[in-house]
2 protein chains.
Amino acid sequence: MNSSLQKPSSRTRILEAAADEFIQYGLSGGRVDRIAKRARVNKAMIYYYFSSKDNLYQAIIDAHLGRLGDELQASIDESAGLEENLLAISRIYLRVLTENSRYLPIMLRELAADDSTFRKSLERMVSERSLPERFLAMLEEGKRSGRFRDCDNRQAVISFMGMNLFYLLLAPIVNSIWKIGNEEEFREKRPREVVELFMRGIERRDSNVG
Amino acid sequence: MNSSLQKPSSRTRILEAAADEFIQYGLSGGRVDRIAKRARVNKAMIYYYFSSKDNLYQAIIDAHLGRLGDELQASIDESAGLEENLLAISRIYLRVLTENSRYLPIMLRELAADDSTFRKSLERMVSERSLPERFLAMLEEGKRSGRFRDCDNRQAVISFMGMNLFYLLLAPIVNSIWKIGNEEEFREKRPREVVELFMRGIERRDSNVG
DNA sequence: AGCTATTATTTAAATGGTTAGTTAAACTAA
DNA sequence: TTAGTTTAACTAACCATTTAAATAATAGCT
């Protein structure tokens with residue numbers, strides 16, 4: 001199809017412009033004419049390279065998700081200690097979603113649709129790397145070692161994810177509601193705060209062995 | 001305009017059908033003809049009662065947000081103890097977002113748009129009831145009383161909100177990824193788990209006064 | 001190198017289905 | 001009578017997609 005060695009200037013420009021368009025207006029709100037204009041390309045070029053609007057949209061979703069997958073690859077480093085692992089995860093989510101913050105609107109919209117291929121791909125990506133299992137295993141190990149109190153692992157993990165992702169996904173509104181002036185600073189401090197809260201939250205207290 | 005005493009059957013049916021439509025397809029994806037069909041009403045009726053598609057959409061957003069606001073009214077009961085307060089908040093979010101889960105797609109899409117009136121209304125609603133301030137004050141009080149350790153209040157609050165809202169907003173995907181079989185049960189347990197994690201997370205440990 | 005056949009890219013201009021919005025007349029009930 | 005409600009048919013703009021022809025680029029051959 002499209003060997004990755006060449007530099008197909010038009011094709012690339014179309015992809016860039018389409019990303020902008022779909023991020024701003026969504027799939028059904030996005031206009032092919034506007035994409036062509038932004039890409040400084042004749043509209044028919046879009047149908048030449050991608051054969052339909054839906055196809056073009058899908059190409060963007062795929063590219064984005066592929067990138068996300070690669071970046072999350074190193075998500076859990078089993079060799080490190082438990083707290084370090086959590087911190088590493090927290091930092092990776094921070095970095096990946098900060099660097100890709102441009103795509104947040106598209107991701108939220110896709111997450112809102114219940115039939116979206118994005119959701120399916122995301123689920124596949126996550127389960128292929130068995131992130132949930134590895135995560136649960138970490139907690140289980142913490143329990144066995146006696147460091148963690150007894151609690152529902154799933155509830156705990158989802159709380160941890162929520163602490164991390166809620167802010168990263170909805171930063172604009174959250175910043176506005178909670179009057180976060182210096183977002184950058186707030187963002188950087190987030191992993192430490194989250195991990196500390198979480199660790200203290202699940203750690204057994206010193207003499208609690210009934 | 002439209003006095004709230006009568007029972008304008010057509011008008012109501014239009015609103016219902018439009019909600020369904022926009023929830024499923026969004027504003028730009030929603031079709032007026034389909035709404036008319038679903039409402040068993042001539043398309044012109046839609047323009048008779050609401051004068052444009054955007055207006056109709058806005059009417060639905062407004063109605064929904066008004067209802068949300070009313071239901072969140074009792075959000076913080078200052079008289080109760082701190083932990084009880086958090087639990088009450090957690091439960092209210094749970095109830096409100098569970099009862100309105102139908103509207104989640106529309107909310108997520110609106111949150112994704114950076115110019116949405118929904119976002120502005122949401123921010124106004126929250127700040128009119130000064131929820132952020134009251135929340136921060138609760139934490140501050142906990143610190144003064146010596147019960148809470150020293151930490152960034154804003155970070156803590158946002159973590160709390162994240163634990164609660166992340167799951168409620170994205171339940172379908174989260175359930176799928178984390179293999180939550182019995183969603184209802186999981187949901188019901190959530191407030192207690194969240195509050196316990198959070199309280200333990202910010203409570204000072206017994207002899208920690210450096 | 002030059003000439004040619006073939007393939008890739010680009011363009012301007014349609015096409016035609018879709019869709020928000022309109023009109024003007026008819027019906028209904030107070 | 002009068003105001004509110006409903007209908008069928010219409011319109012005009014919009015917008016994804018196509019067509020057919022032109023222009024570059026490339027490879028093959030002598």
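Order of the sequence lines fixes the chain letters, A, B, ..., with proteins taken first and strands second; residue numbering starts at 1 for each chain. What you see is a predicted model, and the numbers here were worked out from it, not measured in a lab. Quick note: numbers below take in every heavy atom, side chains included, and nothing from hydrogens, waters or symmetry partners.
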>> I'd like to know if the side chain of B:T117 pairs up with that of B:Q58 as donor and acceptor (distance under 3.5 Å, no hydrogens or angles considered).
In response: yes

> Can you tell which of D:dG4, D:dA8, C:dG21 lies closest to the side chain of B:S52?
Replying inline: C:dG21

>> Rounded to whole Å, how long is the line connecting atom CG of A:N55 with atom C1' of D:dT17?
In response: 13 Å

> According to the salt bridge (Lys or Arg N to Asp or Glu O under 4.0 Å) rule, which pairs have a member within residues 40-67 of chain B, sequence neighbours left out?
Replying inline: B:D33-B:K43

>> From CG of B:N42 over to P of C:dT23, roughly how many Å is that when rounded to an integer?
In response: 15 Å

Tabulated below should be each protein N or O lying under 3.5 Å from an N or O of nucleotides 24-29 of chain C; please produce it.
none

> In whole angstroms, how far is the P atom of C:dT9 from the CD1 atom of A:I46?
Replying inline: 15 Å

> How long is the line joining CE of A:M45 and P of C:dT10, in whole Å?
Replying inline: 4 Å

> Does a side-chain N or O from B:Y48 land closer than 4.0 Å to OP1 or OP2 of D:dT7, or not?
Replying inline: no

> Is the side chain of B:R109 donor-acceptor paired with the backbone N or O of B:F22 at a distance under 3.5 Å, no angle test?
Replying inline: yes

> So, are A:R187 and A:E183 salt-bridged, with charged N and O less than 4.0 Å apart?
Replying inline: yes

>> Checking side-chain polar atoms at under 3.5 Å, does A:S159 have a donor or acceptor matched by the opposite partner on B:R190?
In response: yes

>> Using only atom types and a distance under 3.5 Å, with no angle test, would you say the side chain of A:R154 pairs donor to acceptor with the backbone of B:W178?
In response: yes

> CG of B:L56 versus C1' of C:dG21: gap in Å, rounded?
Replying inline: 13 Å

>> Nearest to the B:S10 side chain among D:dT7, C:dT9, D:dT6, which nucleotide is it?
In response: D:dT6

> Nearest-Å distance, CD1 (A:I35) to P (D:dA16)?
Replying inline: 8 Å

> Mapping B:Y47 and A:R40 onto DNA chain C by nearest heavy atom, which one lands closer to the 5' end?
Replying inline: A:R40

> Base, sugar-phosphate, or nothing: which does B:G29 touch, judged by heavy atoms less than 4.0 Å apart?
Replying inline: nothing

> For A:F22 and D:dA16, what is the distance between atoms CZ and C1' respectively, to the nearest whole Å?
Replying inline: 11 Å

>> At less than 4.0 Å, is any side-chain N or O atom of A:R31 found next to OP1 or OP2 of D:dA16? Yes or no.
In response: yes

> Any idea how B:F198 and B:F160 line up, ring-wise: parallel (<30°), tilted (30 to 60°), or perpendicular (>60°)?
Replying inline: tilted

> Rounded to whole angstroms, how far apart are NZ on B:K37 and P on D:dT7?
Replying inline: 15 Å

>> Quiz question: going by heavy-atom distance under 3.5 Å, is there a donor-acceptor pair between the base of D:dT17 and the side chain of A:K43?
In response: yes

